[in-house]
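Structure first, commentary second.
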Amino acid sequence: MSQSSVSAIRWANNQLILLDQRKLPLQEAYVHCVTHVEVADAIRQMVVRGAPAIGIAAAYGVALAAAEFSSDRDRMHRALETLADSRPTAVNLFWALRRMRDLIDASSAADLFPLLVEEATRIHEEDLQANLTMGELGADLIAESGRGALLTHCNTGSLATGGYGTALGVIRSAYRRDLVTEVFADETRPWLQGARLTAWELCQDDIPVKLIADSAAAHVMKTCAVKWVIVGADRITAHGDVANKIGTYGLAVLARHHGVKFMVAAPSSTIDFELFSGADIPIEERTSDELKFVQGTPLAPEKANAFNPVFDVTPAELIDAIVTERGVVLRPNAEKMRKLQ
Ligand code: MRU
């Protein structure tokens, strides 16, 4: 289904098969989920991650619940809640679950399983199509400012989506059009999605990538002719504020200071028109151990406290373009965002 060699999410033999992203790039291992609780755990534990990908996985999780509970509506509603409890920030999760719930509530079928598998597959395929469209729209913007270097954060590629990627999809499309000299990938502490996943995807596609420490971004913007910072999103408000991986906000501030353009690429399923201000977006905090240890090795004194918010909010004012499959919004504000509704 995906437009690159990586298939992070697969439905086969009535199972959800997830590439275990915690183990990349050292190991390509798969987790087979046969219950909705296994899917919720896989999302919580980052086996599958990235806003669109967790929405897709959760949708298949709802289908699994129909098989587990013989389509019993009450138990299915509880399964929806369990899946919704897995992670709080990416709105794609709640968007996908709402689509599945609406189908459950509208259908009188005794067996919901085939309908729900079909709907989850549709969500999966639509996401891939949206990414291909965004890739071209984003590359058009890059073409206007000319060939140059790009900088990206976290992982927004095939692994994080239904295929191809959001920000990484734009990078892929721009590279195919010979608009990219090189890609700087932030390592993205503490989960190292940039080092482990983005560098892996770009190497597989033979797109020239240079991994940088997160703290090198200012220096790189100043000295390496970066034309665009391109990132994905976990939730975009009606005003155009953007929640994304921790560190994104800092990049936007740096980009504005250095005259580098800042692009957010995300499908319309990432827009939460019910929230106006980014201040209202729930920001996930994960355990301090994720900061204090790397793959079991301690990095800090045992007694040290740590604060580990894993997303931040970039205000609309710092964003030059929001690219969705419904179109591009330049210099977003509430009025311009409405055209995407
Ligand atoms: O914690 P993660 O790895 O799920 O965070 C992922 C991100 O922040 C991505 O940038 C975002 O989901 C967009 S992915 C297309």
Side-chain angles (χ1 to χ4, degrees), residues 2-4 6 8-9 18-22 24 42-58 86-96 124 127-128 130-135 138 151-172 185-198 200-201 214 229-236 242-252 262-272 281-287 290-291 308-314 319 322-325:
S2 72
Q3 293 280 303
S4 79
V6 195
I9 304 173
L18 300 170
L19 176 58
D20 190 342
Q21 300 192 29
R22 300 167 303 179
L24 288 171
I43 294 170
R44 193 172 293 114
Q45 292 164 13
M46 310 275 285
V47 171
V48 59
R49 33 65 49 201
I54 66 179
I56 294 163
S86 54
R87 291 190 76 188
T89 303
V91 80
N92 308 61
L93 174 69
F94 310 104
W95 170 88
H124 196 168
D127 189 65
L128 170 60
N131 290 339
L132 294 172
T133 304
M134 288 186 299
L151 189 150
T152 191
H153 192 62
C154 196
N155 172 265
T156 60
S158 294
L159 294 168
T161 66
Y164 201 63
T166 57
L168 215 60
V170 170
I171 292 170
R172 286 190 159 109
D186 285 352
E187 61 173 350
T188 318
R189 278 276 292 149
W191 266 85
L192 300 172
Q193 290 95 330
R196 295 188 305 103
L197 308 177
T198 297
W200 185 73
E201 286 200 47
D214 297 327
V229 173
I230 311 180
V231 297
D234 288 82
R235 197 184 293 228
I236 303 176
V242 170
N244 190 49
K245 179 53 54 197
I246 192 78
T248 303
Y249 173 35
L251 290 175
F262 191 88
M263 184 193 306
V264 176
S268 54
S269 53
T270 305
I271 307 176
D272 183 352
I281 298 175
I283 298 294
E284 179 181 9
E285 272 178 44
R286 294 182 67 92
T287 150
E290 291 184 358
L291 272 180
N308 186 21
V310 299
F311 297 99
D312 60 25
V313 176
T314 300
I319 297 168
I322 294 181
V323 175
T324 78
E325 81 285 10

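Whatever order the structure lists ligands and atoms in, that order sets their numbers, starting from 1.
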Output for pair (Leu159 CG, Trp200 CH2), nearest 0.5 Å, gives 5.5 Å
Give a yes or no on whether Tyr249 atom OH has more than 12 heavy-atom contacts from other residues, nucleotides or ligands under 6.0 Å away. no
Any non-hydrogen side-chain atom of Asn92 less than 4.5 Å from a side-chain atom of Ile54? no
Would you mind reporting whether Gln193 and Gln21 have side-chain heavy atoms less than 4.5 Å apart? no
Is there a donor-acceptor pair under 3.5 Å between the side chain of [X] and the backbone N or O of [Y]?
{"X": "Arg196", "Y": "Trp191", "answer": "yes"}
{"X": "Asp312", "Y": "Ile246", "answer": "no"}
{"X": "Thr324", "Y": "Ala266", "answer": "no"}

[X] and ligand 1 - part of the residue with a heavy-atom distance under 4.0 Å:
{"X": "Trp191", "answer": "neither"}
{"X": "Thr166", "answer": "side chain"}
{"X": "Thr161", "answer": "side chain"}
{"X": "Cys154", "answer": "side chain"}

Which option out of [options] puts a heavy atom nearest to [atom]?
{"atom": "atom 4 (O) of ligand 1", "options": "Gln193, Met46, Gln21, Arg87", "value": "Arg87"}
{"atom": "atom 13 (C) of ligand 1", "options": "Ala233, Ala167, Gly162, Gly50", "value": "Ala233"}
{"atom": "atom 1 (O) of ligand 1", "options": "Arg49, Arg286, Lys245", "value": "Lys245"}

Answer with yes or no whether Ala90 contacts ligand 1, where contact means a heavy atom under 4.0 Å from a ligand atom. no
Do me a favour and list the nearest non-hydrogen protein atom to [atom] with residue, atom name and distance?
{"atom": "atom 10 (O) of ligand 1", "answer": "Asn244 OD1, 2.6 Å"}
{"atom": "atom 14 (S) of ligand 1", "answer": "Ala160 CB, 3.7 Å"}
{"atom": "atom 11 (C) of ligand 1", "answer": "Asp234 OD1, 3.1 Å"}

May I ask you to say whether Arg189 pairs ionically with Asp214, meaning some side-chain N is under 4.0 Å from a carboxylate O? no
What heavy-atom pair brings Ile9 and Thr161 nearest, and what distance separates the two atoms? CD1-O, 4.5 Å
Those atoms of ligand 1 less than 4.0 Å from some heavy atom in Ala51: 12 (O), 14 (S)
Quick one: which ligand 1 atoms are inside 4.0 Å of a heavy atom on Phe311? 1 (O), 5 (O), 8 (O)
